[in-house]
Amino acid sequence: MPPNVVHHRNEDRNGVMAVGHTFTIEPMVNERAADVTEWPDKWTIATSDGGRSAQFEHTLLIVEGGVEVLTPQTANSQKPWWSEP
């Protein structure tokens, strides 16, 4: 099954990104179901079947000529399990 990429908060087009704007990319990797449910706190998202999930994010800044990752890995960052040989 291909990845399910959904943006949950801003379904309407609400402008054009420009130099100086920041945004996040926050993937959620689910063990089973891609369907999610929002908790009453209006913040917490869980899978509909209660499967395990992981979420991480990167913050990006739009700069002249491209984008700068504000949350890059450093030499001291723990390597993710999938990048180890």
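Judged purely by distance below 3.5 Å, without hydrogens or angles, the side chains of Thr74 and Asn76 never pair a donor atom with an acceptor atom.
For the atom pair Thr22 OG1 and Ile62 CD1, the distance stands at 8.5 Å (nearest 0.5 Å). If you take OG1 on Thr59 and CD on Glu26, they are separated by 7.5 Å, rounding to the nearest 0.5 Å. The line from CE of Met28 to CZ of Phe56 is 12.0 Å long, rounded to the nearest 0.5 Å. In this structure, CD1 in Ile25 is found 8.5 Å from NE2 in His58, a value given to the nearest 0.5 Å.
When all heavy atoms are compared, the tightest approach of Asn30 to Ser53 is OD1-OG, 2.8 Å. The two residues Glu57 and Thr71 make their nearest non-hydrogen contact at O-OG1, 4.2 Å. Residue Gln78 comes nearest to Gln73 through the heavy atom pair O-NE2, 4.2 Å, listed as atom of the first residue, atom of the second, then distance.
Between Glu31 and Thr47, every side-chain heavy-atom pair lies at or beyond the 4.5 Å cut-off. Within the 4.5 Å cutoff, the side chain of Ile45 has no heavy atoms near those of the Gln55 side chain.
Between the side chain of Asp35 and the main chain of Ser48, no donor-acceptor pair closer than 3.5 Å is present.
The hydrophobic clustering, which links ILVMFWY residues whose side-chain heavy atoms are closer than 4.5 Å, places Val69 and Val63 apart.
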